[in-house]
Amino acid sequence: MSVYRGLLPKPRTVIISLAVVALVPALAGGVSASDSSTDETALQATRGAASQGIERRVNDLLSRMTLQEKLEQIQLLSDGQVTDADAQAGVGGVFSLTDPAKINHLQHVAVEQSRLHIPILFAYDTIHGYRTVFPIPLATAGSFDPQVAFDDARFGARETAAVGIKQVYSPMVDVSHEPRWGRIAEGGGEDPYLGSVMAAARVKGDQGSDYSARDKVAASVKHLAAYGQPEGGRDYNTTDMSEQRLRNLYLPPFKAAVDAGADTAMCSFNAINGVPGCANPETETQILKHEWGFDGFIESDYTAVAELRACPPKNPDMPPCGHGVAADGPSAGALALNAGTDMEMVSTNIRDFGPQLLAQGRISINRVNDAVRRILRVKFRAGLFEHPYVDVSQADSAQLRPDAVAAARADAARAMVLLKNTDSVLPLDPAKKTAVIGPLANDQHDMLGPWWGQGRDADAVTLYDGIKAQSPGATYAQACPVVNAEPPAATNNDVCGSTAGFAAAVATANAADQVVLALGENREMSGEAASRSTLDLPGYQQQLIDAIKATGKPFAVVLFNGRPLTLGAVAQSSPAILEAWFPGVQAGNAVADVLFGKVNPGGKLPVSFPQVLGQVPIYYNHEPTGRPCDVTQKYTSRYRDLPTCSPLYEFGFGLSYTSFSVTNLRLDRTSVSPNGRVRASVDVTNTGSRRGDEVVQLYLHDPVASISQPVRRLRGFERVTLDPGAKRTITFTVDKKDFGFYDNRGSFVVEPGEIDLYAGNSSAATLTASFNVS
Ligand code: BGC
């Protein structure tokens with residue numbers, strides 16, 4: 001939520017194609033092709049048949065609108081701003097209003113009292129669930145299972161639509177190499193391919209094949225673009241980036257979302273190369289609308305249009321202000337509209353200054369019409385003209401239904417990553433006496449994570465309750481408190497800021513057979529405006545681990561957090577670590593399922609965990625250097641005070657209660673034309689004694705290219721479940737969309753030469769094979 005919310009009253013190169021190279025990976029596993037709501041053909045057919053009729057209706061309506069009515073459609077107001085008068089005037093959208101009776105009331109005013117009876121599009125940030133809160137999106141990405149993202153979005157859409165909201169500001173697809181940035185919790189991690197798979201699954205879950213269905217909503221992919229790479233990890237900060245990085249790293253999940261049908265998008269707060277996201281004709285118009293053929297609308301982020309202006313003394317009536325690319329409100333409105341922003345959130349520059357801008361020739365009526373056409377098109381596709389009202393009597397019963405709650409539990413467990421398990425401390429025996437200790441051990445509030453939607457603390461299952469349900473003799477000691485403070489009161493001691501309870505916690509541990517230590521961050525430490533300058537466990541949590549270790553009891557650390565943490569000391573002192581992220585409403589049950597072995601953990605890290613903060617940014621898909629890191633040599637790309645080149649836990653890493661081998665990487669050919677494809681097969685075997693999941697991963701490297709290529713790029717994965725001794729062959733197909741790349745002119749190129757593939761169960765995979773593109 002925005003900080004301003006309360007302040008406003010308101011070479012040998014074959015160029016394949018610049019335009020439509022599909023970067024969307026097929027949905028890996030999970031989401032069945034027979035599920036009608038995910039069926040591509042159904043999506044195309046619906047669009048095709050309906051679109052002509054819709055275009056006629058859009059044009060007819062547009063031809064009858066006055067300029068003022070058009071400008072009202074371009075306006076998006078918050079729940080705190082909107083009045084009946086706005087609805088009467090024909091406001092385009094309203095967000096964050098969640099009371100179905102109030103939604104119906106405003107809709108009645110708009111439909112019955114506005115001159116052209118155009119319904120309002122209501123929107124909300126359903127990021128990982130509406131009332132049934134699922135694990136944070138970063139966790140979901142770690143499931144390496146698109147079905148998990150699909151479930152989250154599907155149930156979130158059902159609950160959101162039930163109160164009369166028809167648009168969600170999701171999926172958030174910002175690729176990020178910045179663990180300090182609090183919003184890394186909201187996206188799919190550091191990899192564009194994984195992020196693309198998750199983005200597509202979320203859009204399909206939100207929209208289905210036709211989002212006029214009563215349980216579907218329009219998805220808004222955000223934040224365009226490269227908002228995930230703010231300098232210093234500070235939210236909203238600027239970004240400077242090459243064209244090739246923008247296109248290869250940050251844009252693919254947006255493309256995947258658009259190809260999956262996302263009909264709306266949100267432009268970002270940050271600037272790229274000095275150009276703010278909501279004033280950027282390249283990303284908004286050239287790429288999204290022209291190259292990708294996006295015919296829906298782009299809304300600005302919260303006051304992002306006003307933030308184009310210069311700060312005081314130039315504009316004394318601020319905030320918001322900031323980027324300094326517009327002298328005043330009219331200029332900000334013109335800049336945003338001309339760049340491609342179709343709807344202005346919270347600030348009102350386009351609406352208020354539109355007539356004057358038009359008279360001065362600073363905006364064109366064609367562009368105004370285009371923006372309004374896009375907004376109306378989405379409203380028609382959403383079925384709002386046919387069904388503007390919600391059935392208020394059904395709104396409550398649609399929430400927290402058993403199928404959604406069961407999915408939240410299963411999906412949270414599926415997302416967890418086992419980072420360490422020396423001597424098979426896990427799974428624990430529920431028949432033994434379990435002490436549940438730690439600041440987050442009996443905590444409901446923090447389990448929901450940032451962007452909890454309409455989730456309520458009281459709905460959340462604490463870890464202690466989840467463990468007690470499976471190990472009835474369990475005991476509990478908090479050891480140290482959690483303070484849920486916001487800046488400026490917030491400190492790094494908000495979790496475990498005192499050792500006063502340690503003695504009692506040690507006594508509780510001594511009286512038990514085994515200990516579960518619930519540690520991590522509070523939920524306020526992640527999400528928007530929640531960057532951290534350290535990645536350590538806050539407060540005295542490391543000392544708590546040491547105190548529990550001194551008891552000699554077997555113990556496992558369970559981590560609740562929204563970002564990669566520096567876990568070097570934790571890993572040294574703890575025999576077992578389970579990364580549970582912020583698991584959502586079923587947190588305690590899901591963690592207990594994993595701790596006691598009902599679920600064998602199979603998640604993998606969607607982002608690298610550094611050894612120390614000074615390594616940030618550290619990510620697996622980095623470009624090579626002329627002096628690759630080598631800790632035995634001085635003149636290499638290394639830290640003189642760090643005896644390693646690696647993160648503590650790499651992207652794609654995660655353990656299981658069983659073991660797997662990935663062997664026998666083979667290709668169906670060793671030479672391929674630029675338009676051909678290569679099949680790579682690999683065998684995965686469960687070599688342990690428990691049924692479990694492995695995520696088989698395929699990486700690609702182009703060792704000689706006109707611009708340096710990342711040392712590895714994920715290009716395929718599949719999560720499989722295998723019984724002990726069972727073996728499966730997984731086959732991946734790679735083609736030009738995998739071995740090609742965007743250059744710094746924005747052209748997609750496929751260059752002849754060798755391509756190396758790596759297969760295994762993390763980004764450190766060692767199996768390798770090569771083929772030639774010629
Ligand atoms: C956030 C967006 C969000 C919007 C509306 C902004 O502050 O950056 O992600 O969708 O608020 O709540």
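One-based numbering, in listed order, for ligands and for the atoms of each. These numbers come from the heavy atoms of this one structure, side chains and all, not from hydrogens, waters or symmetry mates.
- The residue from Val346, Asp174, Asp301 that puts a heavy atom closest to atom 8 (O) of ligand 1 is Asp301.
- Of the options Thr285, Leu288, Val221, Thr283, a side chain to side chain contact (heavy atoms under 4.5 Å, CB included) to Ile298 is made by Leu288 and by none of the others.
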Going through the distances and angles, do Met447 and Gln586 end up as a side chain to side chain contact (heavy atoms under 4.5 Å, CB included)? CA-CA 8 Å; Met447 297 300 105; Gln586 281 289 297; over 6 Å; no
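- Contact atoms of ligand 1 toward Lys222: 2 (C), 3 (C), 9 (O), 10 (O) (distance under 4.0 Å to a heavy atom of the residue).
- Residues Thr140 and Arg202 have side chains in contact (heavy-atom distance under 4.5 Å, counting atoms from C-beta outward).
- Within ligand 1, counting atoms from 1 as listed, the ones closer than 4.0 Å to a heavy atom of Phe95 are 5 (C), 12 (O).
- For Glu186, the closest heavy-atom approach to ligand 1 does not fall below 4.0 Å.
- In summary, the aromatic rings of Tyr227 and Trp181 are positioned with their centroids under 6.0 Å apart.
- The six-membered or imidazole ring of Tyr124 lies away from that of Tyr169, with a centre-to-centre distance of 6.0 Å or more.
- Neither the backbone nor the side chain of Met172 comes within contact range of ligand 1; no heavy atom lies under 4.0 Å.
- For ligand 1, the polar-atom distance check finds an N/O of His223 within less than 3.5 Å of one of the ligand's N/O atoms.
- Looking at Tyr302 next to ligand 1, no N or O pair under 3.5 Å apart turns up.
- Taking the six-membered ring for Trp, Phe269 and His223 have ring centres at least 6.0 Å apart.
- Legend: residues meeting salt bridge (Lys or Arg N to Asp or Glu O under 4.0 Å) with Arg367, ordered by chain and number and at least two apart, are Asp342, Asp370.
- Numbered from 1 in the order shown, with element, the atoms of ligand 1 that lie under 4.0 Å from a heavy atom of Arg183 read 1 (C), 2 (C), 8 (O), 9 (O).
- Using 4.0 Å as the threshold, Met266 has a heavy atom nearer than that to some atom of ligand 1.
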